[in-house]
Amino acid sequence: MSIIEIIQNGVIQGIKSLYGADITADQVTMNSTRKEFEGDYTVVAFSFARIARKKPDDIAEELGNYLVREVEQIERFNVIKGFLNLSLSNAFWRSFLMDVFQDEAYGRLPANGKKVMVEFSSPNTNKPLHLGHIRNILLGWSTSRILEAAGYKVVRVQIVNDRGIAICKSMLAWQKYGQGASPESAGEKGDHFVGDYYVLFEKKFQEEYKEWQQRDEARQLFASHSENGQNEEAFFKAFKNNYFNKYSRLGAEAKEMLLQWEGGDEATISLWKQMNSWVYQGFDETYRQLGVEFDKLYFESDTYLLGKDAIQKGLEQGVFYQKEDGSVWIDLTDAGLDHKLVLRSDGTSVYITQDIGTAQKRYQDFGVDKMVYVVADEQNYHFQVLFEILKRLGEPYANGLYHLSYGMVDLPTGKMKSREGTVVDADDLMAEVVAEARANTVERDTISGLSEEEQEAVIRQIALAALKFFIIKVQPRKRMVFDPKESVDLQGQTGPYVQNAYVRVQSVLRKGGEQDLSPAAGYQQLESQEKEMLNMIYGFPGLVQLAAEEYDPSSIANFCYDLAKAYHRFYHDHSILNAQSAEAKAFRLQLSQAVANVLRHGMSLLGIEMPERM
RNA sequence: GGCUCCGUAGCUCAAUUGGAUAGAGCAUCUGACUACGGAUCAGAAGGUUGCAGGUUCGAAUCCUGCCGGAGUCACCA
C-alpha cells in the first residue's frame, strides 16, 4: 500500500472514530505539501466541516492527533487555515530510499496484460519531414514509451500515404525534367530529392497557369464567372483547382499517371516504387537521427480499398443507410454529430471508409485493446466520427480508441506555409541544434578528453535533448510557438539542464560512489530539501500511471525539470562528499543515485538520452 | 453562422484536475565558489489568470453570456 493510501485510510478511520461518519477515499482531498509549509502531505479539512459540524481548524487538529497516534509513518502535524500538514518520519523516508536507490527500473509499473497500438508520423511520400512531423513523432514516441512503462505491450505503427495525386506530381516532374537523376547522382537525401521534384512540378504548373491566364479562353471565363467586383488575381487564385482538373496539360498528365497507377501499369508502378524507395531511405535516416522506430508500417497503397466490406455489413445491420443514388451514409445526429458519407454513389471509398477498414485490419493483425492515433487537431471531427462509427459497428476495441490530438506548431512569425517557404525542415533543424551544441561544448571544453566519436555522441545527445524537451514540455492539446533560437538554448528550463543534473551525480559518484553506503541508515536529521526530493521520487510511479492515462508526456518533462532543479539547488546548498558525517555522506550518495535513476528513466520515456559527461 | 479547442508576467510555458500568498525559464538588473562540474545557485523587477456575472468555505480550473484567436463543418485526404 502506498503512503497516500495509508494516510487516506487513516483519515477514513479517523473520521469514523471521531465523528462516527463513513466516508470514501475519494472524499479525502490530499496533495503534497507546498514548499512554504512544513510537512510532506496535506489533507484538506474543509470538506469534513459538514460531516463533523465543526470548524475545519478544529477537525484538522483532532484528525492530526489521531493520525500521529494511529499511523506509524506519521510523526508530526501542523494546522494552517483548515489545512492539515503531515510530516512523515525520517525512518520512513530512509527506508524508502534504501529500497529504491539502486533500482534502475524504478517507476516502471507491472505488466497489465493489455496491448495498445500507437500510430504516429504517417507522412506523405512526396516531400521530406518538417517541424510539424517532429512534434507528431516526439509525441507518438514518448507516449508509446510511457504506455510501455505503465505496463502495456505497445505496437508502434505508421500509415504511409504513398499513393495519390501528390506522388504522381513528383513522378511526372522527375520523368519530364529529371534526366535520369538519382539521389546518389545529385548527392542529396532521397526524401529531399523527391520533394524537389514536387516543388518543380508546382513551379512548372504555375508557369503554365500564368501563361494560360492570358489566353482568350481564360479571359472569357474571368469575364463571365467573376463575381461582382472580384478582381482578376482573386478569381484565378480560387480557380486554380478547377484549372488543374479541367484545363491544365500538366494536370491531365498527372491525373493520367494516377489512373495508370490504379490500373497497375507496369512502368508507372516501377517508377512509383523507385521514387518511394528513395523517400523511405531519406525517412529512415531522419527517424534514425531522432531515435525512433516502428514495429510495422501500413501503406495506403495496400489499405485504400479496405473498408467496403464493413460498409456492406453495416448496411445489412442497419448501421448505415443508402440513398437513391446509391451512396451510403450514417446518421450520427443523435451523437451530436452529422450525417456522414461513407461510400460514394459510384461505390468508391472516401477517406473514412479506408480508416474503418484499416482499424479492423490492425485488430486482426495484432488483437490490440487500444489504438492511439497521433494526428493534428485539424482532424478532431474526423476522429469523433470514425470512433462513433466503429462503436456502432460493434468493434471489440471501440472503447479503447483515442485521438491524441495536438496543436499546430507556429513560428514567431506566424504559421508555417509551404508556399511562402517558411516550413522548417526536420533535417535542417536537427543539424542546426547539433551545430549549436557543438559550438557550446567546444567553448566549455569539458569533454575534450574523450575520443572524437564519444564527443560527437555527447554533442548529439545534448542537441537532441534541447530540441525534444523544448517540444515535449508543452501540453499536446495546445498550439505552440516554436522559436528556433530558443530551441537551441542549453540553459534554464531545457533538456540539457536536466542532463546536467544527471552528469553532476555521475561526477560525484565517480569520486565517492564506491564506498559502503550502509551508514545511511543512521542518518537522523533529514534536510527539507532532501525530503522534498524523496517526496518527488516517491510520486514518480504514480505520475507515470497518470501520464499514461492522460496520454500526456509533458507532465513527465515538467517533472524531470522540477526534480533536476531541486537537485541543483540541493547540490549548491549542501556538500555531499564533504558532508558533516559519514551517515550524511552515505545518505546523500544514495539520494543522488536515486535522483539520477529517476531522471534517466523519466527522460528515457521522452526519448531523451543522458550523457555521463557533458 | 453551427460545433470544438485555446486565451495566465514583455516572450515561451507550469499550476498535483476545485485548495493555501498563481509558479518556472528566457530577456533586464544585482549578487555567489581558494569547495563535490558555473550548461549551476541566490535576489530584484514583472499579474485585475481576455471581460462580466454565477456556483462554492475556497475558482486560472466548474456554469452562463460576451470579446479575441485557431480549427472544422467535401461524394478531398
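Residue numbers begin at 1 in each chain, while the letters A, B, ... track the order of the sequences. Computed from heavy atoms alone, side chains included, the values below leave out hydrogens, waters and symmetry copies.
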| said: Any base atoms under 4.0 Å from T441(A), or only sugar-phosphate, or nothing? Heavy atoms, all strands. | reply: base

| Does R34(A) place a side-chain N or O at less than 4.0 Å from the phosphate oxygens OP1/OP2 of G23(B)? | yes

| said: I need the CG-C1' distance between D355(A) and A77(B), as an integer number of Å. | reply: 9 Å

| note | Here the pair of heavy atoms bringing H133(A) nearest to S121(A) is CD2-O, 4.0 Å

| field | Those residues of residues 542-557 of chain A lying under 4.0 Å from RNA chain B by at least one heavy atom | value | E550(A)

| query | Just wondering, do Y571(A) and C36(B) stack (centres under 5.5 Å, planes under 30°)? | reply | yes

| said: If the cut-off is 4.0 Å, is K340(A) near the phosphate of C73(B), judged by side-chain N/O to OP1 or OP2? | reply: no

| Nearest-Å distance once atom P is located in both A39(B) and A27(B) | 15 Å

| What nucleic acid atoms does T42(A) come within less than 4.0 Å of, heavy atoms only: base, sugar-phosphate, or nothing? | base

| query | Under the 5.5 Å and 30° test, is F46(A) stacked on the base of G58(B)? | reply | no

| field | Steps toward ring-ring contact (aromatic ring centres under 6.0 Å, His included) verdict (Y402(A), F387(A)) | value | CA-CA 8 Å; Y402(A) 185 77; F387(A) 293 170; 8.2 Å; no

| query | Which value, in whole Å, describes the distance between the P atoms of nucleotides U30(B) and C11(B)? | reply | 24 Å

| Taking OP1 and OP2 of U21(B), is either one under 4.0 Å from a side-chain nitrogen or oxygen of K81(A)? | yes

| Gap between atoms CD and C1', on Q354(A) and C76(B) respectively (whole Å) | 12 Å

| Sugar-phosphate only, base, or nothing, as touched by V44(A) at under 4.0 Å among non-hydrogen atoms | base

| request: Answer yes or no for this row: Y497(A) ring on A39(B) base, centroids under 5.5 Å, planes under 30°. | output: no

| task | Answer yes or no: does a side-chain N or O of R50(A) lie under 4.0 Å from OP1 or OP2 of C57(B)? | result | yes

| field | Contact under 4.0 Å: R504(A) side-chain N or O vs G37(B) OP1/OP2 | value | no

| said: On the nucleotide G71(B), are OP1 or OP2 found under 4.0 Å from the side-chain N or O atoms that K415(A) carries? | reply: yes

| Taking atom types as they are modelled, is there a donor-acceptor pair under 3.5 Å from the base of C75(B) to the side chain of S345(A)? | yes

| Euclidean distance for P, G25(B) against G2(B) (whole angstrom) | 43 Å

| Could you write out RNA chain B as a dot-bracket string, with dots for unpaired bases, | for bases paired across to another strand, and Watson-Crick or G-U pairs counted at under 3.5 Å? | (((((((..((((.....[...)))).(((((.......))))).....(((((..]....))))))))))))....

| Can you tell me how far C1' in A9(B) sits from the matching atom in A15(B), rounded to whole Å? | 14 Å

| field | ring centroid sep under 5.5 Å plus plane angle under 30, F83(A) with G19(B) | value | no

| said: Protein within reach of the bases, or only the backbone? For nucleotides 1-9 of chain B, mark each nucleotide 5' to 3' as B, S or -, using heavy atoms under 4.0 Å. | reply: ----SSS--

| For T348(A), which contact category applies under a 4.0 Å heavy-atom criterion: base, sugar-phosphate, or nothing? | nothing

| query | Is the glycosidic angle of U17(B) within 90° of 0, making it syn, or outside that range, making it anti? | reply | syn

| Side-chain touch L404(A)/P476(A), heavy atoms, less than 4.5 angstrom | yes

| If you measure from the C1' atom in A59(B) to the same atom in G54(B), how many Å do you get, rounded? | 11 Å

| field | Atom-to-atom span, CG of N241(A) to C1' of C76(B) - whole angstrom | value | 9 Å

| task | Can you tell me, in whole Å, how much space there is between the C1' of A60(B) and that of C51(B)? | result | 14 Å

| request: With the side chain counted from C-beta on, respond yes when P553(A) and L605(A) share a heavy-atom pair under 4.5 Å apart, and no when they do not. | output: no

| field | Pairwise P distance for G50(B) and G69(B), with rounding to whole Å | value | 16 Å

| Rounded distance in Å between the C1' positions of U16(B) and A52(B) | 30 Å

| query | Does K511(A) place a side-chain N or O at less than 4.0 Å from the phosphate oxygens OP1/OP2 of G37(B)? | reply | yes

